[in-house]
2 protein chains.
Amino acid sequence: MHDSQQPQDLDAANEMVAAVVTASRVLVAVSARSLAAIEEALTVPQFRMLVVLDTGGPVNLSGLAEQLAVNPSTALRMVDRLSAAGMVERTQDPGDRRLVVLAATAAGRQVVRQVTERRQAEITRIVSAMAVDHRGAMIEALEAFARAAGEEQINPAAYTGQALPGWS
Amino acid sequence: MHDSQQPQDLDAANEMVAAVVTASRVLVAVSARSLAAIEEALTVPQFRMLVVLDTGGPVNLSGLAEQLAVNPSTALRMVDRLSAAGMVERTQDPGDRRLVVLAATAAGRQVVRQVTERRQAEITRIVSAMAVDHRGAMIEALEAFARAAGEEQINPAAYTGQALPGWS
DNA sequence: CTGCAAATATTGCATACTGCAAAGGAAAAG
DNA sequence: CTTTTCCTTTGCAGTATGCAATATTTGCAG
């Protein structure tokens with residue numbers, strides 16, 4: 001009895017889902033390309049860490065792990081590698097000898113800037129290929145979409161575009 | 001001399017980039033949630049493999065690795081684990097004894113269906129919270145965006161939403 | 001038919017991300 | 001001063017990833 005009820009609504013919903021999913025593919029591909037294009041051969045988690053350190057300023061290990069929504073041990077080992085690569089600087093907090101102060105080096109900030117610029121350029125290039133009257137509508141629509149989703153919680157760890165396997 | 005040239009165009013471009021990036025965050029979070037919500041505790045790469053096997057039908061290992069854009073050895077070990085979990089079935093090709101025929105089991109297809117339905121439901125729920133007159137505009141805008149991007153190549157491996165570190 | 005080249009799957013080795021649990025040191029609370 | 005709490009670090013295990021080498025099988029040339 002409930003079959004074929006309000007078929008036009010269902011069709012519209014399916015069309016929306018399809019459009020959103022397709023756009024999602026494009027966006028993920030753009031992010032991946034922007035990161036792969038640079039010389040330094042960073043992984044996605046490493047780039048996420050650099051973004052957090054670059055935008056958020058110096059933090060200790062626990063705070064960094066929390067912002068990335070990973071285990072402190074994971075963050076520690078990532079810091080080890082990025083530190084060896086010259087992207088992250090570790091110093092001791094003079095006031096509290098338990099704390100390790102972490103910050104992005106100039107090289108690390110440079111990488112974040114390069115990837116961000118490349119990603120923005122690529123998105124701009126795609127948008128430039130769209131019909132002009134579609135652009136304003138897209139901004140409004142995307143902002144409305146993000147607002148609608150934002151009233152539920154959004155995981156901050158997804159900030160730089162990584163999918164999280166063990167997320168609840 | 002080129003500073004501050006066409007400031008309104010630059011502002012519009014920045015606004016578009018910001019809207020796109022924010023929407024991207026939301027979409028990635030939705031994908032991650034949909035996968036984390038099921039019982040079976042699959043990783044993102046494992047789910048990608050199941051999607052390929054479910055939609056594409058039986059393939060051999062090389063073909064599967066190519067569709068996922070990973071090394072055959074990587075695909076092999078993932079098949080090992082998914083096979084142990086009862087999600088993937090391996091059989092020998094009777095015509096060519098080199099080939100291994102891989103297919104999703106009923107349990108594997110069930111998982112793909114569950115995650116897909118959950119993701120679609122979540123997107124539908126978000127869209128339902130949008131103003132009605134924004135929805136049609138969003139469909140058109142997103143399709144136009146995907147079209148504009150589609151004239152360049154899109155990596156098929158990004159299908160299920162994974163960011164690829166080593167992609168060129 | 002035989003031998004060689006190509007295709008296919010598999011294994012070995014290395015690196016990275018991830019979490020849980022335990023250990024060790026330092027600061028705060030009592 | 002003792003206990004508790006906080007923070008970092010290490011040990012252990014599982015998964016993903018790629019490169020290189022190996023084994024097996026097929027196809028082709030001679």
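Chain naming here is simple, since letters A, B, ... match the order of the sequence lines and numbering starts at 1 in each.
When both pairing distances are held under 3.5 Å, D:dT17 makes a Watson-Crick or G-U pair with C:dA14.
Between A:Ser73 and C:dA21 there is no side-chain N or O to OP1 or OP2 distance below 4.0 Å. For D:dA16, one of the phosphate oxygens OP1 or OP2 lies less than 4.0 angstrom from a side-chain nitrogen or oxygen of B:Gln46. Here B:Thr74 reaches the OP1 or OP2 of D:dG18: one of its side-chain N or O atoms lies under 4.0 Å away. Put simply, B:Asn71 has no side-chain N or O that comes within less than 4.0 Å of OP1 or OP2 on D:dT17.
Distance CG (B:Leu64) to C1' (C:dT8): 14 Å, rounded to an integer number of Å. For A:Leu50 and C:dA16, the CG to C1' distance is 15 Å, given to the nearest whole Å. Rounded to an integer number of Å, the gap from CG of B:Leu61 to C1' of D:dT25 is 15 Å. Rounded to an integer number of Å, the gap from A:Leu82 CG to C:dT15 P is 16 Å. Atom CZ of B:Arg77 and atom P of C:dT10 are 11 Å apart (whole Å). Taking atom CG on A:Leu68 and atom P on C:dT18, their separation rounds to 8 Å, with Å as the unit. In this structure, A:Asp93 atom CG and D:dC7 atom P are separated by 11 Å, rounded to whole Å. Atom CZ of B:Arg48 and atom C1' of D:dT17 are 12 Å apart (whole Å).
Ranked by how close their nearest DNA chain D nucleotide is to the 5' end, A:Asp80 and A:Asp96 are led by A:Asp96. Two residues, A:Met78 and B:Arg90, neighbour DNA chain C, and the one matched to the more 5' nucleotide by heavy-atom proximity is B:Arg90. Across the interface with DNA chain C, nearest-nucleotide mapping of B:Leu76 and A:Arg81 shows B:Leu76 to be the residue nearer the 5′ end.
A salt bridge links B:Glu117 with B:Arg113; the closest basic N to acidic carboxylate O contact falls under 4.0 Å.
For B:Gln46 (side chain) and B:Thr43 (main-chain N/O), a donor-acceptor pair under 3.5 Å exists by modelled atom type. Looking at A:Arg119, its side chain never comes within 3.5 Å of a backbone N or O of A:Gln114 through a donor-acceptor pair.
Side-chain proximity of B:Pro45 to D:dT17, D:dT24, C:dG19: nearest is D:dT17. For A:Arg98, the side-chain atoms get nearest to C:dG25 when compared with the rest of C:dA16, C:dG25, D:dT15.
Here the closest heavy-atom approach between residue B:Glu143 and residue A:Ala19 is recorded as CG-CB, 4.2 Å.
Hydrophobic clustering, with ILVMFWY side chains joined whenever heavy atoms are under 4.5 angstrom apart, keeps B:Leu64 apart from B:Val101.
Contact check for B:Val100 versus B:Thr91: no side-chain heavy atoms found under the 4.5 Å cut-off.
Between the side chain of A:Ser62 and the base of D:dC6 there is no donor-acceptor pair of N/O atoms closer than 3.5 Å. Put simply, the side chain of B:Arg97 and the base of D:dG27 share no donor and acceptor less than 3.5 Å apart.
Using a 4.0 Å heavy-atom cutoff across all strands shown, B:Leu99 reaches sugar-phosphate atoms only and no base atom.
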